[in-house]
Amino acid sequence: MQARIIKGRRVKGFGVGAYYISHPYYSGWFSKLLSCKPFPGTLNIETDIDWRELAGLCEPIVVPETEWEGKHLGAVYVWRAKVETNQGTADVLVIRPLLSSHEPSVLEIVACERLSTLLKGDTIRVEVLCRGGDNESRPNTSRGRG
């Protein structure tokens, strides 16, 4: 598995991460990928790479869009990653909701615990683990990618 290092700095989000991470649809996906119940919220980082460029370099896992109780839930690109914390390395997910209102250089991090209290300063180094032909869950992409 190849890795891609991205650097970023913390930025303020829109305050909706907790809702979406706690939603049963997304929580189910993220729980499976992290092997834990994700912390209800995301850590937003402005990175040195556009999410579309990252997707071209490192194939994402795709959480497909769906309808849930009459509400449209958009697709999410997900990459497994590692982040250095005060307590060692944490396994995390770097995500990019395809319906995000953030600038293309802003990614979100989902973890098993609250990361903001475990990081030193506002600068963050993330090791994105690129998929190498594995058979992780993938949706039928015959309709395209959003």
Side-chain angles (χ1 to χ4, degrees), residues 1-66 73-146:
M1 187 176 285
Q2 294 180 314
R4 165 86 181 161
I5 304 300
I6 58 175
K7 295 178 183 171
R9 65 176 180 82
R10 293 187 219 195
V11 293
K12 190 157 181 65
F14 298 125
V16 297
Y19 170 79
Y20 287 104
I21 300 303
S22 299
H23 190 283
Y25 179 68
Y26 294 120
S27 180
W29 273 91
F30 300 148
S31 293
K32 177 183 170 189
L33 293 169
L34 282 171
S35 299
C36 70
K37 182 178 178 182
F39 175 80
T42 62
L43 180 73
N44 298 292
I45 60 170
E46 184 174 18
T47 67
D48 57 356
I49 190 169
D50 181 305
W51 70 268
R52 295 164 291 203
E53 182 182 352
L54 178 60
L57 296 170
C58 225
E59 183 183 1
I61 299 164
V62 181
V63 175
E65 65 182 21
T66 193
L73 299 175
V76 178
Y77 277 12
V78 180
W79 296 268
R80 293 180 189 274
K82 295 183 179 293
V83 173
E84 287 296 323
T85 72
N86 295 333
Q87 300 175 349
T89 303
D91 291 328
V92 301
L93 301 174
V94 171
I95 69 169
R96 177 61 190 211
L98 298 188
L99 298 178
S100 177
S101 297
H102 284 292
E103 292 296 320
S105 62
V106 174
L107 299 171
E108 299 178 50
I109 299 176
V110 177
C112 297
E113 56 190 316
R114 184 183 190 113
L115 282 180
S116 61
T117 58
L118 301 176
L119 298 172
K120 299 176 189 173
D122 287 334
T123 302
I124 300 166
R125 181 181 175 273
V126 181
E127 181 181 3
V128 177
L129 306 173
C130 298
R131 296 172 58 184
D134 56 31
N135 290 321
E136 295 194 52
S137 298
R138 302 252 321 148
N140 176 346
T141 56
S142 61
R143 294 182 310 179
R145 287 190 177 178

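The chain is numbered in sequence order, starting from 1. Treat the numbers as computed from the prediction; the structure is a model and nothing was measured. For the numbers below, each heavy atom of this structure counts, side chains included, while hydrogens, waters and symmetry mates do not.
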Can you find a heavy atom in the side chain of [X] that is under 4.5 Å from one in the side chain of [Y]?
X	Y	value
Val83	Val94	no
Lys82	Asp91	yes
Arg80	Ile61	yes
Phe39	Leu115	no
Pro97	Trp51	no
Arg4	Ile49	yes
Thr123	Lys7	no
Pro64	Trp29	yes

Taking all non-hydrogen atoms of both residues into account, name the closest pair between [X] and [Y] and its distance.
X	Y	result
Cys58	Leu129	SG-C, 4.2 Å
Thr42	Glu108	OG1-OE1, 2.8 Å
Asp50	Pro104	OD2-CB, 3.2 Å
Arg96	Val106	NH1-O, 2.7 Å
Pro60	Ala55	CD-O, 3.9 Å
Val92	Ala111	CG1-CB, 3.8 Å

| task | Report the relative orientation of the aromatic rings in Trp79 and Tyr77; use parallel for angles under 30°, tilted for 30 to 60°, perpendicular for over 60°. | result | perpendicular

Spatial distance of atom [atom1] ([X]) from atom [atom2] ([Y]) [nearest 0.5 Å]:
X	Y	atom1	atom2	value
Ile124	Thr85	CD1	OG1	11.5 Å
Ile95	Leu98	CD1	CG	10.5 Å
Leu118	Glu84	CG	CD	12.0 Å
Tyr25	Thr66	OH	OG1	5.0 Å

| message | Could you check whether any side-chain N or O of Arg10 sits under 3.5 Å from a backbone N or O of Ser116, counting only pairs where one atom can act as donor and the other as acceptor? | response | yes

| Under 3.5 Å, is there a donor-acceptor pair between the side chain of Ser27 and the main chain of Ser22? | no

| field | Partner set under side-chain hydrogen bond (donor to acceptor under 3.5 Å, both in side chains) for Glu46, not counting sequence neighbours | value | Arg9

| message | Under the criterion side-chain contact (heavy atoms from CB on, under 4.5 Å), I'd like the reasoning laid out for Leu107 against Leu54: C-alpha separation, chi angles, the key distance, then a yes or no. | response | CA-CA 10 Å; Leu107 299 171; Leu54 178 60; 4.0 Å; yes

| request: Tell me, with the steps shown, if Tyr26 and Val110 meet side-chain contact (heavy atoms from CB on, under 4.5 Å). | output: CA-CA 11 Å; Tyr26 294 120; Val110 177; over 6 Å; no

